[in-house]
Amino acid sequence: MSFDSSSPLLNTSDPNARVFSSSCFDFLLIELVPMAERMARDLATEGKDTEDEEVRETTFFRLESLGYRVGQGLAERFSRDRPRFTDNLDVIKFLCKDLWTVLFKKQVDNLKTNHRRVPAFWEDEYGSPERCDIYGASTYELTKYLWFPCGVIRGALANLGINTTVQAETSDLPGATFQIKTLQSRP
C-alpha cells in the first residue's frame, strides 16, 4: 500500500508522522496466536489438570486484550487530524474504510446492519495463506486468528466513544463475519 500526499491517513506536513506497516501486522499475528496459546497452556499445566476450555478462554482473553490496546492506539493515531465524528455510523464507516485499509490493505468487503440495526461486516477472504494456513484449518483454528482483530475493532471503537462487544465467526472459510453490538452506557 502506498500513501500519497492526498491520503487522509498520512499527514506529510507532520515531521513526526509514522506509517503503520501491514507486513509487520501480518508477522505479529502469525507469531502472536501460537505464543498466546503456549502461554495459556503453560499456565494451565501449573494447575492440576489441563482443560482445553480453560486454555481457550485464556488465549481468547490475552489476544482480545492485546488487540484492544492496539485498536485504541490506531484509532488515536489515525483519527487525530479528522473532524469529530457526529454519530456512530460515521465511526463505523471510518473503521471499515480507513482503519481496515491500514491493517489489511483494503476496505471491508461488505458492511450491513441486521434487522436489529446491529452492524456487521463481512470479509470474503480474511487473511491470506501467508498469514496462516487457513485452507487446511478447522473453524476453531481460524477463529483463534480472529480474536486479535476483534479486540482491535473493539479498542478502536472504544477510543472513538462507542462501547461495544465484537464477535467473529467463520462459516465459509476463508470468509469471516464481524458483528458489532453497541452496549448501552449506564447512568
Side-chain angles (χ1 to χ4, degrees), residues 1-30 32-33 36 60-114 116-128 131 145-169 175-187:
M1 176 174 162
S2 63
F3 288 99
D4 60 27
S5 60
S6 64
S7 173
L9 298 177
L10 180 63
N11 182 354
T12 55
S13 64
D14 182 3
N16 298 319
R18 294 190 180 131
V19 177
F20 180 81
S21 173
S22 60
S23 60
C24 286
F25 180 74
D26 288 344
F27 293 132
L28 173 71
L29 200 56
I30 288 169
L32 193 62
V33 171
F60 166 77
F61 180 75
R62 177 164 282 130
L63 289 170
E64 207 269 345
S65 297
L66 289 169
Y68 182 84
R69 179 62 194 111
V70 169
Q72 285 182 316
L74 287 172
E76 184 175 328
R77 167 65 183 94
F78 290 107
S79 68
R80 73 175 181 188
D81 295 332
R82 298 179 61 97
R84 252 196 194 292
F85 295 106
T86 56
D87 64 357
N88 289 356
L89 185 58
D90 287 340
V91 174
I92 299 291
K93 286 180 183 178
F94 170 74
L95 171 77
C96 292
K97 289 182 178 182
D98 296 335
L99 281 184
W100 208 256
T101 300
V102 168
L103 291 172
F104 299 109
K105 299 182 186 176
K106 67 183 196 93
Q107 293 182 4
V108 166
D109 291 329
N110 195 352
L111 170 65
K112 292 186 179 181
T113 58
N114 67 12
R116 294 183 181 167
R117 305 216 14 101
V118 173
F121 58 89
W122 289 265
E123 278 298 308
D124 295 331
E125 200 165 312
Y126 171 76
S128 64
R131 183 171 296 134
Y145 287 88
L146 298 175
W147 293 338
F148 184 80
C150 282
V152 171
I153 293 166
R154 193 172 71 84
L157 293 174
N159 195 325
L160 298 171
I162 304 174
N163 192 14
T164 63
T165 61
V166 179
Q167 294 177 333
E169 54 186 52
T177 303
F178 295 89
Q179 208 173 58
I180 303 165
K181 294 182 182 175
T182 305
L183 302 174
Q184 298 298 323
S185 36
R186 295 182 182 172

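Computed from heavy atoms alone, side chains included, the values below leave out hydrogens, waters and symmetry copies.
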Quick check: closest heavy atoms across [X] and [Y], and the distance to 0.1 Å?
X: Val70; Y: Phe148; value: CG2-CZ, 3.8 Å
X: Trp147; Y: Leu63; value: CE3-CD1, 3.8 Å
X: Thr164; Y: Thr182; value: CG2-CA, 4.1 Å
X: Ile153; Y: Phe178; value: CD1-CD2, 3.7 Å

For this session: Name all residues meeting the side-chain contact (heavy atoms from CB on, under 4.5 Å) criterion together with Gln167; count only those two or more places apart in sequence or in a different chain, and write none if there are none.
Result: Gln179, Lys181
Problem set entry | Partners meeting side-chain contact (heavy atoms from CB on, under 4.5 Å) with Ala75 (sequence neighbours left out) | Leu99, Ala156, Asn159, Leu160
Problem set entry | CD1-CD1 distance between Ile180 and Ile92, expressed to the nearest 0.5 angstrom | 4.0 Å
Exercise. Between atom CD1 of Ile162 and atom CG of Leu89, what is the distance when rounded to the nearest 0.5 Å?
Worked result: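 If I round to the nearest 0.5 Å, the distance is 9.0 Å.
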For this session: Identify, with sequence neighbours excluded, every residue that meets side-chain hydrogen bond (donor to acceptor under 3.5 Å, both in side chains) alongside Arg154.
Result: Glu64
Problem set entry | Phe78 and Val102: CA distance, side-chain angles, deciding distance, side chain to side chain contact (heavy atoms under 4.5 Å, CB included) verdict | CA-CA 9 Å; Phe78 290 107; Val102 168; 3.8 Å; yes
Problem set entry | With Phe85 via ring pair (Phe, Tyr, Trp, His ring centres under 6.0 Å) - residues at least two apart | Phe94
Problem set entry | ring pair (Phe, Tyr, Trp, His ring centres under 6.0 Å) against Tyr68, all qualifying residues, sequence neighbours excluded |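 Partners of Tyr68 by the ring pair (Phe, Tyr, Trp, His ring centres under 6.0 Å) criterion come out as none, since no residue qualifies.
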